[in-house]
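A short write-up of the structure that comes next.
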Amino acid sequence: MPKQNWKEWWEERLGLESIFSFLRHKEVPRHKHTLWYYTGSAILVFFVIQVLTGFLLLLYYKPTLDEAHQSIQRLISEVPYGWLIRSIHHWSATMMIAFVFIHLMSIWLLKSYRKPRELTWMSGVFLLFITLGFGFTGYLLPWDELSLAATKVGTDIPRAIPLVGPWISELLRGGADVTGETLTRFFGLHVSILPMLIIFLLGFHLYLVQKQGMSVPFQGELKKEKLPYHSFWPNFVLRESIFWLILFGILITISVFFPRGLGNPADLLAPTPPGIKPEWYFLFIFQTLKLFPATILGISGETFAILFILAGVILFFFLPVIDNRPTGRKGQIITWAGVTLIIYALVMSIWSLL
Amino acid sequence: MKFKDSLISRRKFLNGVLGGWLAALGATIIQPVIKFIFPPYQEPEEVILPAAEYQLNQPNSFKVFRWGNKPGILKRNDDGSLTAFVAVCTHLDCNVTYLPEQRKFYCACHDGWYDEQGRNIAGPPPQPLRTLEIIEEGENIILRKREKSA
């Protein structure tokens with residue numbers, strides 16, 4: 001069959017022309033903040049790398065108490081390029097989370113969450129928590145000393161939440177303590193439940209971005225004239241692909257020169273090794289929890305800290321409802337709050353490392 | 001655009017360079033992935049058995065041992081010598097068993113038969129059973145892979 005007929009055959013059945021036509025006509029405005037548009041697709045690139053390297057790791061990983069550590073040991077020492085695939089999975093996760101934070105704060109500071117993009121922001125906050133969930137559950141899977149200790153602490157924290165706390169902790173652990181049950185649960189979360197949730201939410205998030213078009217920050221909109229633009233396909237995609245290739249190069253370089261190591265196998269009965277710390281993206285919360293005194297206003301300091309963080313999370317989620325002013329307004333208080341949050345997180349993270 | 005005596009247009013040339021570069025990049029990604037997918041299992045070069053556990057005093061007696069991920073059968077022949085077989089059918093890789101009363105190896109998957117020296121005599125097996133080199137060394141019996149050419 002000639003090429004033209006093949007095209008028609010598929011078009012008749014799938015009707016994808018409307019999507020291609022949409023992408024050809026989609027415009028990406030050019031202004032001094034255009035750079036921030038690249039952060040979203042950077043996350044997507046790392047996500048795809050996570051999925052693909054995750055598939056590969058699944059070929060060798062054994063999610064049981066007796067075999068988990070050993071299977072990783074074999075993966076990084078015997079399987080061809082196993083160390084590299086695992087190292088890429090680790091560093092790509094790190095870079096993905098870094099870009100999630102950058103993406104999020106750029107949207108906060110540019111006020112891109114304002115009407116009509118409230119749901120985009122809210123689905124983004126859910127995506128943030130799922131991403132952190134991936135990080136938290138994935139950290140346990142190699143089953144070494146540090147990952148066991150970090151998971152003990154991490155799954156103990158929700159216990160301080162009034163009423164439902166102990167129940168949440170037990171649900172995560174699969175019992176009163178971190179055991180092989182926890183490993184099975186975290187594995188299931190990491191490779192099945194969280195991926196399903198993230199695909200669903202990511203689809204929703206991306207649909208909204210396409211539906212509403214790119215947000216233009218207030219400086220641009222105030223001018224009232226039409227901004228210059230790139231067509232999304234192929235001009236903007238090609239520009240983005242340069243950025244993707246640079247990121248990919250950085251990722252591979254870091255993965256090769258700083259391969260992810262593996263600690264001693266976890267021992268449920270051994271004392272915790274000194275100096276345990278969570279992954280860097282949890283450090284500021286870790287440090288916040290340490291700051292609170294034993295008791296405040298008659299309730300335990302830990303409960304107080306958890307309630308404080310929960311309140312922060314709720315405010316964060318409802319940011320578009322709190323700041324529902326029209327896009328033209330600058331929103332200096334919100335900017336100031338955003339900058340404060342960034343500085344707070346940085347200071348706390350660095351402090352916890354000292 | 002095309003120069004007067006040039007064979008290809010500039011666009012074609014650039015597309016070729018870019019496409020070739022992308023193909024090379026793709027290949028450097030695919031190659032480790034393909035290597036990674038296949039686990040690094042290798043058949044053992046040799047297996048050492050404690051002689052005490054593999055006495056096999058009676059002629060026509062046999063004992064199963066572990067040859068990597070496959071079973072092996074060590075058999076005492078009538079003349080007192082030992083033969084070591086890789087107890088896997090040469091047809092489709094099923095494990096075979098030795099039937100001492102009939103002095104035959106039998107594969108239950110597709111009714112394959114070998115005689116006591118491991119020669120394929122009936123059913124689908126295309127080749128005799130693989131045998132291993134035997135070195136009796138003090139308290140050990142060393143079973144070694146034969147070179148392909150032998």
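The sequence lines fix the lettering, A, B, ..., with proteins before strands; numbering per chain opens at 1. Side-chain atoms are counted along with the backbone in the values below, which use heavy atoms only and exclude waters and symmetry mates.
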| query | Which residues satisfy the side-chain hydrogen bond (donor to acceptor under 3.5 Å, both in side chains) test with A:Q210, sequence neighbours excluded? | reply | A:K26

| query | Is it the side chain or the backbone of B:I29 that comes within 4.5 Å of chain A heavy atoms, both, or neither? | reply | side chain

| Is the CD atom of A:E181 crowded by more than 12 outside heavy atoms at less than 6.0 Å? | no

| query | Counting only heavy atoms not in B:E43, do more than 12 sit closer than 6.0 Å to its CD atom? | reply | yes

| Student check: side-chain heavy atoms of B:P32 and A:P80 closer than 4.5 Å | no

| A:L75 and B:F36: side chain to side chain contact (heavy atoms under 4.5 Å, CB included), yes or no, with the steps? | CA-CA 9 Å; A:L75 179 90; B:F36 176 91; 3.7 Å; yes

Side-chain polar contacts of residues 133-142 of chain A - donor-acceptor pairs under 3.5 angstrom, sequence neighbours left out - could you list them?
from   : atom 1 : to     : atom 2 : distance (Å)
A:T137 : OG1    : A:G133 : O      : 2.8
A:T137 : OG1    : A:F134 : O      : 3.2
A:T137 : OG1    : A:H190 : ND1    : 3.0

| Taking only heavy atoms into account, what residues of residues 38-61 of chain A are found under 4.5 Å from chain B? | A:L56, A:L57, A:L59, A:Y60

| query | So with a 6.0 Å cut-off around CZ of A:F22, is the heavy-atom count from everything else above 12? | reply | yes

| task | State, to 0.1 Å, how close B:P40 and A:E78 come at their nearest heavy-atom pair, and which atoms those are. | result | CG-O, 3.4 Å

| message | Going by salt bridge (charged side-chain N to carboxylate O under 4.0 Å, His left out), name the pairs with one or both residues in residues 89-114 of chain B, residues two or more places apart or in two chains. | response | B:D78-B:R103, B:R103-B:E116

| request: Please check if atom CZ in B:R66 has more than 12 non-hydrogen atoms from other residues, nucleotides or ligands closer than 6.0 Å. | output: no

| field | OH/B:Y106: more than 12 non-hydrogen atoms of other groups inside 6.0 Å | value | yes

| remark: When the 4.5 angstrom heavy-atom criterion is applied to A:L245 and chain B, the contacting part is side chain

